[in-house]
Amino acid sequence: MRWFWIDRFTEFVAGTSAKAVKGISLTEEVVDDYAPGAPYLPASLIIEGMAQTGGLLVSQMSDFKARVVLAKLSVARFHQQARPGTLLHFACEMKTSTADSAMVTGTVENELGPVAELEMMFAMLQDDRFENVVLFEPAALCRMVRMMRLFEVGRYPDGTPIRVPEHMLEAERSELNVY
């Protein structure tokens, strides 16, 4: 099972920026169990939510073919705890991008104001050592980004909708034929 720390995308501009939301609920074990009696979403999981938002922004540039990993967290400033019953708004911007890395900056806010400011570096695993490393099966990744509504809100800078890449559609079709 994979953990998702964003619920859905609200905006997505290919190679430029992404916005996502995460509702914090007391029913999530990690929120209730982390600090009994004073529940909140741990800072590490807010970082992971931004890593998922930014990582998908970076990964989409290769039609989700690149093996993108969080390589470095350069900045992590926290201003308040994220408590149950609040909605986190993740906003990230692509600052730089090369064939093997990308840097994004981001903010996290809730209805009370700023929660965090983050800067992250992502690496694309291209070395021969990683040739057979599969981080996500294409069909599973496709289901995940569909569930997060990336293809519903995603656009290229010129306004053209982002479509599901053919290799992901083929993986979905192949998976259906297995059963």
Side-chain angles (χ1 to χ4, degrees), residues 1-25 27-28 31 41 45-70 73 75-76 82-98 101-124 135-173 175-176:
M1 174 178 187
R2 299 253 185 211
W3 293 93
F4 304 121
W5 297 107
I6 58 175
D7 294 332
R8 66 182 166 85
F9 284 97
T10 57
E11 266 182 50
F12 194 100
V13 181
T16 304
S17 62
K19 292 182 179 180
V21 294
K22 165 71 177 152
I24 302 173
S25 173
T27 61
E28 294 176 279
V31 172
L41 186 67
L45 298 181
I46 294 170
I47 292 169
E48 179 61 25
M50 184 60 73
Q52 290 176 5
T53 304
L56 288 168
L57 178 64
V58 172
S59 184
Q60 187 279 325
M61 294 188 321
S62 69
D63 278 341
F64 302 101
K65 290 180 182 176
R67 292 173 299 240
V68 176
V69 296
L70 177 62
L73 178 64
V75 173
R83 300 219 176 261
T86 61
L87 186 65
L88 292 182
H89 298 267
F90 293 90
C92 73
E93 256 186 60
M94 183 82 65
K95 288 300 178 187
T96 61
S97 144
T98 66
S101 68
M103 180 180 286
V104 301
T105 59
T107 58
V108 183
E109 296 182 353
N110 65 17
E111 58 273 11
L112 301 175
V115 174
E117 300 167 56
L118 303 161
E119 183 176 281
M120 303 177 156
M121 179 69 75
F122 292 90
M124 283 68 127
L135 299 179
F136 287 94
E137 293 296 331
L141 179 59
C142 188
R143 279 192 306 276
M144 180 180 79
V145 294
R146 280 184 196 271
M147 180 179 60
M148 292 176 179
R149 301 182 187 166
L150 189 148
F151 299 118
E152 290 178 32
V153 300
R155 301 280 179 264
Y156 289 99
D158 68 1
T160 308
I162 295 172
R163 303 271 184 232
V164 181
E166 186 56 41
H167 73 96
M168 294 173 98
L169 292 172
E170 181 58 38
E172 282 185 320
R173 287 190 289 268
E175 191 175 72
L176 291 173

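Note that this is a predicted model, so its numbers are computed, not measured.
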**OP:** Heavy atoms only: give me the nearest Pro84-Ser25 pair and the separation to one decimal.
**Re:** CB-C, 4.2 Å
Subject >> Beyond-backbone contact of Leu56 with Phe64, side-chain heavy atoms, under 4.5 angstrom >> reply: yes
Original post:
Which distance, rounded to the nearest 0.5 Å, do you find between the SG of Cys92 and the CG of Leu118?
Top reply: 10.0 Å
Subject >> Separation between CZ of Arg149 and CG of Asp7, rounded to the nearest 0.5 Å >> reply: 9.5 Å
Subject >> Lys22/Glu48 ion pair, N-O < 4.0 Å >> reply: no
**OP:** Check whether any side-chain heavy atom of Met103 lies under 4.5 Å from a side-chain heavy atom of Glu119, and answer yes or no.
**Re:** yes
Subject >> Non-hydrogen atoms of Gly15 and Gln60 that approach each other most closely >> reply: N-OE1, 4.2 Å
Original post:
Below 4.0 angstrom, N of the basic side chain to O of the carboxylate: do Arg143 and Glu137 qualify?
Top reply: no
**OP:** Quick one: sort the Trp5 and Trp3 rings into parallel, tilted or perpendicular, breaks at 30° and 60°.
**Re:** parallel
Original post:
Any side-chain heavy-atom pair from Phe122 and Ser97 closer than 4.5 angstrom?
Top reply: no
Original post:
Roughly how far, to the nearest 0.5 Å, is the CE atom of Met50 from the CG atom of Leu88?
Top reply: 9.5 Å
Original post:
Is the shortest distance from a Lys or Arg side-chain nitrogen in Glu93 or Lys95 to a carboxylate oxygen in the other one below 4.0 Å?
Top reply: yes
**OP:** Could you check if a side-chain atom of Val13 sits within less than 4.5 angstrom of a side-chain atom of Tyr156, using non-hydrogen atoms only?
**Re:** no
**OP:** Might you point out which heavy atoms bring Gly55 and Val68 nearest each other, and give the distance in Å?
**Re:** O-CG1, 4.1 Å
Subject >> Heavy-atom side-chain contact between Cys142 and Val164 under 4.5 Å >> reply: yes
Original post:
Rounded to the nearest 0.5 Å, how far does CD of Glu166 lie from CG of Asp63?
Top reply: 10.5 Å
**OP:** Could you tell me whether the side chain of Leu57 reaches within less than 4.5 Å of the side chain of Phe12, counting heavy atoms only?
**Re:** yes
